[in-house]
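What you see is a predicted model; the values in this text were computed from it and never measured.
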Amino acid sequence: MQSNLHSTVVLFICGALLALATPSKAMARTVVAKASATEVLTVGAIIIAVGLIVIAVLIAILLPKIMKALGMHPDYDAGQKYNLQGKKALVVTTSHGVLSKPGETTGKPTGAFGSEMTVPYYEFLDAGMQVDVASIKGGEIPIDPQSFYYFLITHEDKRFLKDPAFQDKIKHSPSIDDVDFTDYDLIFFVGGWGPSYDFAQSKRLAERVSEAYYAETPIMGSVCHGALAFVSAKDADGKPLVAGRKMTGVTQGQLDTFRIKFTPKHPEAELKKAGADYRANHHPVADIFATVTVVDHEQRFVTGQNQNSGHETAQKMMELLSQRSAK
C-alpha cells in the first residue's frame with residue numbers, strides 16, 4: 001500500500017510539475033517570439049539607417065558631378081586662346097560683405113561670388129592681358145564664403161587660393177574713385193549678393209560707366225548681379241544708358257529659389273526698369289542651372305545671366321576686342 005501510495009504521490013507530483021511546466025513552455029515560446037520580432041525590427045532599423053547613411057555619403061561624394069551635370073559651371077567648349085598682350089582689363093567688385101535686411105547692419109557674410117570673379121580674371125590673364133582689380137570703396141574685397149563650398153568651387157577658385165599675387169590684389173584693391181576706366185580695354189563687373197547693395201546705388205560707378213562708354217574704348221561686361229553696375233548710368237541726354245540694349249542678369253526665379261527677397265536691388269527688375277531688352281534662359285529644375293550670354297547691338301556690353309556664364313562672357317568680350325584690334 002505504501003508502495004502504491006508512494007507511486008501515487010510520485011505520479012501526482014510529476015503530473016503537477018508537468019502541468020506547471022506546460023504553461024511555462026508556452027510563455028517561453030511567447031517571449032522568444034516577442035524577442036525575435038524585436039530583433040527583426042531592430043535589425044531592420046539598423047539596415048535602413050545604414051542604407052540611408054550610405055546613400056547620403058554617395059550623394060555627398062557625387063554632388064559636384066550631379067550639380068555639373070545639371071548645368072552648374074559648365075565647360076565652355078567654344079573657348080579660344082587669345083593673344084592680347086599689351087591690352088588691359090579691369091575687374092570691378094562690390095565692397096559690401098553682409099547679407100543684411102533693410103535697416104540692419106548685421107547678417108551672414110557675403111560679397112563677390114568667387115567664380116564670378118576668378119573665371120574672368122584668369123581668362124583675361126591667360127590671354128596675356130594686364131588684369132587689375134578694383135572695388136567700390138577700395139581695400140579688402142569681401143568674398144562670399146559659400147563660393148568655395150566643395151560642390152561649388154571651380155578650378156579657377158582653387159587656382160586663386162594658391163595665387164598670392166591675385167590674393168594681394170583682393171586685399172589691397174583701389175577704390176573706383178582712384179581708377180580711370182577709360183584706360184582699359186575690357187571692364188568686367190563681378191556678381192554675387194554684395195553688388196545688390198552698392199552697384200546700382202553708387203553715383204560714382206554710374207559716372208565711371210558712362211565715361212567709359214563715351215570714351216569708345218572699353219568693352220564692358222558682367223555676370224549675375226554685376227549687371228547692376230549699368231542700370232544707373234546715363235547717356236548724354238540723361239536717359240538710362242542700357243535702354244533698348246539686349247542685356248541679362250540673374251533671374252528673379254533664381255533669387256526666389258534661395259528665398260532672398262530683401263536684398264535692395266534685383267537685376268531682372270532693375271534692368272527692365274531701366275528699359276533694357278532683358279533676356280534669360282530658364283531651367284526645368286531651377287534657374288541656377290541655366291545660362292545665357294548676350295551682346296548689345298553696338299557690341300559695347302556683354303552680359304551673362306549668372307555664375308554659369310563667366311567663361312562665355314569673358315570669351316565673347318575678348319573676341320570683340322580681338323576683332324577690333326585686327327581692324
- Query: Are any non-hydrogen side-chain atoms of F148 and K158 less than 4.5 angstrom apart?
  - Reply: no
- Message: Main chain of I143, side chain of S147: is a donor-acceptor contact present, judged purely on distance under 3.5 Å?
- Response: no
- Whether F258 and W193 hold their rings parallel, tilted or perpendicular, with breakpoints at 30° and 60°: perpendicular
- Message: In this structure, is the centre-to-centre distance between the rings of H311 and Y76 below 6.0 Å?
- Response: no
- Query: Within the side chain of R300, is there an N or O that forms a donor-acceptor pair under 3.5 Å with the backbone of P218?
  - Reply: yes
- Fit a plane to each ring of H73 and F113, take the angle between them on a 0 to 90° scale, and name the class: parallel (under 30°), tilted (30 to 60°) or perpendicular (over 60°). parallel
- Message: If only side-chain N and O atoms count, and only distance matters, is there a donor-acceptor pair under 3.5 Å linking S115 with D157?
- Response: no
- Query: Under 3.5 Å, is there a donor-acceptor pair between the side chain of S210 and the main chain of E207?
  - Reply: no
- Message: Quick check on the hydrophobic clustering: are L271 and M220 connected, directly or via other members, by side-chain heavy-atom contacts under 4.5 Å?
- Response: yes
- Atom NZ of K68 with >12 non-hydrogen neighbours under 6.0 angstrom: yes
- Query: Rounded to the nearest 0.5 Å, how far does CG of N308 lie from CD of Q305?
  - Reply: 8.0 Å
- Message: So which atom in N306 and which in A290 form the shortest heavy-atom distance, rounded to 0.1 Å?
- Response: ND2-O, 3.0 Å
- How close do S232 and A200 get, heavy atom to heavy atom, and via which atoms? OG-O, 2.7 Å
- L228 reachable from F181 in the ILVMFWY side-chain graph, under 4.5 Å edges: yes
- Query: Which atom pair, heavy atoms only, marks the closest approach of E116 to Q307?
  - Reply: OE2-CB, 3.4 Å
- Flag side-chain contact, heavy atom, 4.5 Å: I260 against L255: no
- Given K239 and K234, is the side chain to side chain contact (heavy atoms under 4.5 Å, CB included) satisfied, shown in steps? CA-CA 5 Å; K239 298 178 180 179; K234 305 297 182 183; over 6 Å; no
- Item | With R245, the salt bridge (Lys or Arg N to Asp or Glu O under 4.0 Å) member among D277, D296, D235 | D296
- Residue pair E270 / H266, side-chain heavy-atom distance below 4.5 Å: no
- D75 side, atom CG; E312 side, atom CD - distance, nearest 0.5 Å: 13.0 Å
- Atom pair CD1 (I219) and CG (L186), whose distance is rounded to the nearest 0.5 Å: 5.5 Å
- Message: Under a 3.5 Å cutoff, is there a donor and acceptor pairing between the side chains of K87 and Y184?
- Response: no
- For the pair N281 (side chain) and T291 (backbone), establish whether a donor and an acceptor sit closer than 3.5 Å, ignoring hydrogens and angles. yes
- Hey, does the side chain of Q201 reach the backbone of S196 with a donor-acceptor pair shorter than 3.5 angstrom? yes
- Note on the structure: Between the OG atom in S175 and the CD1 atom in I136, the distance rounded to the nearest 0.5 Å is 7.5 Å
- Message: Is it the case that the side chains of E319 and Q80 hold a donor-acceptor pair, with the cut-off being a distance below 3.5 Å and no angle test?
- Response: no
With a 3.5 Å cut-off and sequence neighbours excluded, list the donor-acceptor pairs that the side chains of residues 53-65 form with protein atoms.
none

- Message: Once rounded to the nearest 0.5 Å, what's the spacing between atom CG of L321 and atom CG of D185?
- Response: 5.5 Å
- Query: What closest approach, in Å, do G304 and T313 show between heavy atoms, and which atom pair accounts for it?
  - Reply: CA-OG1, 3.4 Å
- Query: Any side-chain heavy atom of V92 sitting closer than 4.5 Å to one from S222?
  - Reply: no
- Y150 side, atom OH; L152 side, atom CG - distance, nearest 0.5 Å: 9.5 Å
- Item | Minimum heavy-atom distance between M317 and I187, given as atom pair plus value | CE-O, 3.5 Å
- Would T248 and T303 count as a side chain to side chain donor-acceptor pair (under 3.5 Å) if you check the C-alpha gap in whole Å, the side-chain angles of each, and the deciding distance to 0.1 Å? CA-CA 6 Å; T248 188; T303 51; 5.7 Å; no
- Task: Indicate, with yes or no, if V295 and F301 share a hydrophobic cluster defined by side-chain heavy-atom contacts under 4.5 Å among Ile, Leu, Val, Met, Phe, Trp and Tyr.
- Result: no
- Can you check whether A112's main-chain N or O pairs, donor with acceptor, with T94's side chain at less than 3.5 Å? no
- Message: Is there a path of hydrophobic side-chain contacts, each under 4.5 Å between heavy atoms of I/L/V/M/F/W/Y residues, joining V250 to M72?
- Response: yes
- Is the side chain of D168 donor-acceptor paired with the backbone N or O of P164 at a distance under 3.5 Å, no angle test? no
- Query: Taking the six-membered ring for Trp, are F124 and F188 parallel (under 30°), tilted (30 to 60°) or perpendicular (over 60°)?
  - Reply: perpendicular
- Message: Show, in sequence, the C-alpha distance, side-chain angles and deciding distance for H283 and I288, and conclude whether the side chain to side chain contact (heavy atoms under 4.5 Å, CB included) test is met.
- Response: CA-CA 8 Å; H283 192 277; I288 190 175; over 6 Å; no
- So, the side chain of S173 versus the backbone of K169: is there a donor-acceptor pair under 3.5 Å, distance only? no
- Do Y122 and F166 have their ring centres less than 6.0 Å from each other? yes
- Measure across A236 and Y214 and return the closest heavy-atom pair with its distance rounded to 0.1 Å. N-OH, 2.7 Å
- Task: Would you confirm whether D198, through its side chain, and S95, through its main-chain N or O, come within 3.5 Å as a donor-acceptor pair?
- Result: yes
- Query: Is L241 close to V209 at the side-chain level, that is, under 4.5 Å between some pair of heavy atoms?
  - Reply: yes
- Under the side-chain contact (heavy atoms from CB on, under 4.5 Å) test, which residues partner N83, sequence neighbours left out? Q85
- Is a donor on one side and an acceptor on the other found under 3.5 Å between the side chain of E156 and the backbone of T118? no
- Message: Just by distance, no angles: are the side chains of Q254 and D256 close enough, under 3.5 Å, to form a donor-acceptor pair?
- Response: no
- Message: Please evaluate residues T105 and S100 with respect to the criterion side chain to side chain contact (heavy atoms under 4.5 Å, CB included), reporting the C-alpha separation (whole Å), side-chain torsions for both, the decisive distance (0.1 Å), and the verdict.
- Response: CA-CA 6 Å; T105 57; S100 54; 5.9 Å; no
- ring-ring contact (aromatic ring centres under 6.0 Å, His included) between F199 and F230, intermediate numbers included: CA-CA 8 Å; F199 267 21; F230 306 131; 8.9 Å; no
- Task: List the steps and the verdict of side chain to side chain contact (heavy atoms under 4.5 Å, CB included) for I170 and F160.
- Result: CA-CA 10 Å; I170 297 302; F160 161 73; 3.7 Å; yes
- Task: Give me the ring orientation class for H96 and Y197: parallel if the planes are under 30° apart, tilted from 30 to 60°, perpendicular past 60°.
- Result: parallel
- Do E298 and Y213 have a side chain donor and acceptor closer than 3.5 Å? yes
- Query: Do you reckon M247 sits in the same ILVMFWY cluster as V223, going by side-chain contacts under 4.5 Å, direct or chained?
  - Reply: no
- Query: Without hydrogens or angle criteria, can the side chains of E140 and H172 be said to hold a donor-acceptor pair below 3.5 Å?
  - Reply: no
- Message: Could you walk me through whether K246 and Y278 satisfy the side chain to side chain donor-acceptor pair (under 3.5 Å) test, starting with their C-alpha distance in whole Å, then the side-chain angles of each, then the deciding distance to 0.1 Å, before giving a yes or no?
- Response: CA-CA 6 Å; K246 288 193 298 183; Y278 180 78; over 6 Å; no
